[in-house]
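Quick note: residue numbers are just sequence positions, from 1. Please read these numbers as outputs of a predicted model, since none were measured by experiment.
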Amino acid sequence: MTLTAPVPSRLWSPDRRWPTTGILLLVTLLAFEAMGVGTAMPTMVHELKGEALYAWPFLANLAASVIATVFSGRLSDRRGPKPAVLIGVTLFLSGLVVAGVAETMTVLLVGRALQGFGAGFLIVAIYVVIALAYPENDRPAVFGALAAAWVVPSLVGPAVAGWATEHLSWRLVFLAIVPLVVFGSVLLIPVLRSLPPHDATPPQRKYLPIAAVAVGVGVASLSWALQHRTWWLLAVALLLLASALRILLPKGTLIARRGLPVTILARGLLAGTFFAVEGFIPLTLTVVHGYSPLEAGLPLTLSALGWAGASMWASRHPEIERYTLVRVGFMFVATGIAAVTLIAPTWGPAWATLLLWAIAGAGMGMATSSVGVLMMAASPEEDRGFNSAALQISDMLFSATMIGLGGVVVVATAPTAGVVVLNLSMAALAVVGAILTGPRMRATLEA
């Protein structure tokens with residue numbers, strides 16, 4: 001159709017070619033660091049004699065990322081995205097260097113926290129840059145490309161990090177990407193210089209810094225409490241989150257109010273349901289069906305390909321309403337999750353996981369990129385940073401919560417029974433997401 005043909009040429013036209021490359025390169029490197037560090041972590045903590053603190057590099061990174069997300073949104077609304085991009089690049093590069101040269105576990109934790117701060121600043125600022133540098137008709141293509149930027153890190157990140165750790169040094173997982181981050185940042189300079197002067201005045205939001213710290217500590221504490229079944233810490237985490245989210249999310253988000261709130265909620269429901277189930281697919285295939293680690297990881301690879309392919313397909317069909325794609329995406333996710341429940345018993349068709357999880361990945365690709373487009377369309381200039389931050393917070397909060405709850409359910413019961421309960425619960429929640437979206441999101445655009 002003629003509607004789809006111009007998209008690639010606009011995204012990669014001479015005046016946007018290098019900024020687009022810079023944005024995608026930075027996102028790819030953020031994804032590679034996130035995907036690769038888990039593979040190298042056992043070697044890192046063993047060499048630094050920090051086995052007792054194994055979870056802390058992940059938790060420090062998570063907490064810092066959540067906090068920085070909030071501050072980046074506020075800074076972008078007040079000053080535009082340029083300061084947030086510069087701060088994010090500086091902190092992320094500093095974190096890579098500090099972690100890469102760490103000789104103690106304490107220094108590694110500092111490096112991981114700096115990386116989290118940098119990533120949190122960058123991802124929100126990049127969303128705001130997209131809103132300013134690309135017309136509304138081109139944003140589906142940009143968000144589709146962002147989703148595709150996660151594919152290569154998903155496919156090769158763990159393998160490359162594992163090879164480097166085994167044959168060279170785990171330090172390269174951090175240090176080797178430093179020059180590429182610098183290069184990607186340089187490519188963004190022209191577009192940052194060309195952005196219009198920032199003159200929007202964001203609304204006053206009291207206690208935002210306190211809420212940012214509270215939600216960062218709350219998310220990390222929630223993850224730790226669910227992993228270790230520390231119930232008093234879980235209660236503290238929930239109290240912190242309940243207080244902070246009233247400030248950090250649009251009013252009505254957790255009750256699915258029409259418009260922007262349900263759009264922000266949709267991102268959390270998608271991430272929470274999908275990643276909670278994905279985390280236990282390799283475990284089920286290895287423990288129940290005797291798959292090798294390589295074989296057990298193949299469904300995740302196909303899911304990443306399905307995610308990227310569906311995102312790119314959606315970006316090339318602007319004639320399809322984005323809220324329709326969100327609803328269809330939820331149904332794909334629900335179908336994939338419900339169907340992989342069949343692999344939990346020993347008699348289940350484990351081979352079918354390849355196709356079923358690719359379907360779920362395709363649903364994520366259609367829906368998540370469309371949620372980003374809808375969020376940006378519903379955001380006035382003075383609130384783009386705040387709403388972009390809220391989108392990321394919803395994603396991280398629901399992911400941490402659902403993955404943690406999944407671990408509790410599986411550990412507390414027989415593995416097969418636990419996986420069945422988890423999968424069916426997440427499939428039902430994805431169906432709820434499909435019911436809540438559609439017309440409720442359309443109200444945002446009409447308003």
Side-chain angles (χ1 to χ4, degrees), residues 127 131 136 139-140 142-144 146-147 245 248-278 303 306-307 309-339 359-379 383-384 386-399 401-402 423-447:
Y127 269 52
E136 186 172 347
R139 291 174 195 164
V142 184
F143 281 107
L146 287 183
L245 292 179
L248 300 178
L249 298 180
K251 292 181 179 180
T253 295
L254 298 181
I255 59 173
R257 184 176 295 168
R258 286 177 175 269
L260 180 65
V262 75
T263 303
I264 300 296
L265 177 64
R267 177 66 170 263
L269 292 176
L270 285 164
T273 54
F274 180 83
F275 289 114
V277 174
E278 183 174 78
S303 173
W307 188 318
S311 295
M312 296 304 293
W313 175 85
S315 72
R316 293 176 180 273
H317 288 277
E319 74 277 9
I320 303 176
E321 297 287 356
R322 298 299 104 175
Y323 56 81
T324 300
L325 290 174
V326 174
R327 172 167 281 187
V328 173
F330 263 118
M331 293 310 301
F332 270 52
V333 172
T335 300
I337 290 175
I359 291 173
M364 290 294 289
M366 276 188 283
T368 55
S369 59
S370 299
V371 165
V373 174
L374 287 167
M375 179 277 295
M376 201 59 71
S379 300
D383 269 342
R384 283 171 179 162
F386 176 82
N387 292 338
S388 297
L391 197 72
Q392 301 303 319
I393 290 171
S394 180
D395 186 310
M396 290 184 280
L397 175 62
F398 276 84
S399 295
T401 302
M402 298 304 175
N423 289 5
L424 293 180
S425 299
M426 293 300 103
L429 192 56
V431 172
V432 170
I435 294 171
L436 292 175
T437 52
R440 299 179 71 84
M441 283 184 169
R442 180 170 54 195
T444 305
L445 302 180
E446 292 175 348

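With hydrogens and angles ignored, the 3.5 Å screen pairs a side-chain donor or acceptor of R327 with a backbone N or O of I435.
Under the side-chain contact (heavy atoms from CB on, under 4.5 Å) criterion, A389 pairs with T69, V124, not counting sequence neighbours. Residues satisfying the side-chain contact (heavy atoms from CB on, under 4.5 Å) criterion with T253, sequence neighbours excluded, are L249, P250, P261, I264, L265. With sequence neighbours excluded, the residues forming a side-chain hydrogen bond (donor to acceptor under 3.5 Å, both in side chains) with N387 are S379, listed by chain and number. With sequence neighbours left out, the side-chain contact (heavy atoms from CB on, under 4.5 Å) criterion links A339 to L356. Applying the side-chain contact (heavy atoms from CB on, under 4.5 Å) criterion to A338, with sequence neighbours excluded, gives A427.
The closest side-chain heavy-atom distance from F398 to L269 is below 4.5 Å. The side-chain heavy atoms of L436 and F330, taken from C-beta on, include no pair separated by under 4.5 Å. Between S369 and R322 there is no side-chain heavy-atom pair separated by less than 4.5 Å.
Here the OH atom belonging to Y127 is positioned 5.0 Å from the CD atom belonging to Q392, to the nearest 0.5 angstrom. Note that OG1 of T273 is 4.5 Å distant from CD1 of I337, once rounded to the nearest 0.5 Å. Distance CH2/W313 to NE2/H317: 5.0 Å, rounded to 0.5 Å. With values rounded to the nearest 0.5 angstrom, M375 atom CE is found 11.0 Å from D383 atom CG.
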Give the C-alpha distance, both sets of side-chain angles, the deciding distance and a yes or no for side chain to side chain contact (heavy atoms under 4.5 Å, CB included) between L429 and M402. CA-CA 11 Å; L429 192 56; M402 298 304 175; 3.5 Å; yes
May I have the step-by-step check of side chain to side chain contact (heavy atoms under 4.5 Å, CB included) for V371 and T437, ending in yes or no? CA-CA 10 Å; V371 165; T437 52; over 6 Å; no
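The minimum heavy-atom distance between A362 and F332, with the atom names listed, is CB-CD2, 4.3 Å. The two residues F275 and S399 make their nearest non-hydrogen contact at CD1-OG, 4.0 Å. Across all their heavy atoms, M331 and A434 have their closest contact at SD-CB, 3.4 Å. Pairing each heavy atom of A367 with each of L270, the nearest pair is CB-CD1, 3.5 Å. Of all the heavy atoms in S388 and M376, the pair that sits closest is OG-CE, 3.8 Å.
Dense packing is recorded around CZ of F386, with more than 12 heavy atoms of other residues, nucleotides or ligands lying under 6.0 Å away.
Note on residues 266-275: pairs passing salt bridge (Lys or Arg N to Asp or Glu O under 4.0 Å), not counting sequence neighbours, are R267-D395.
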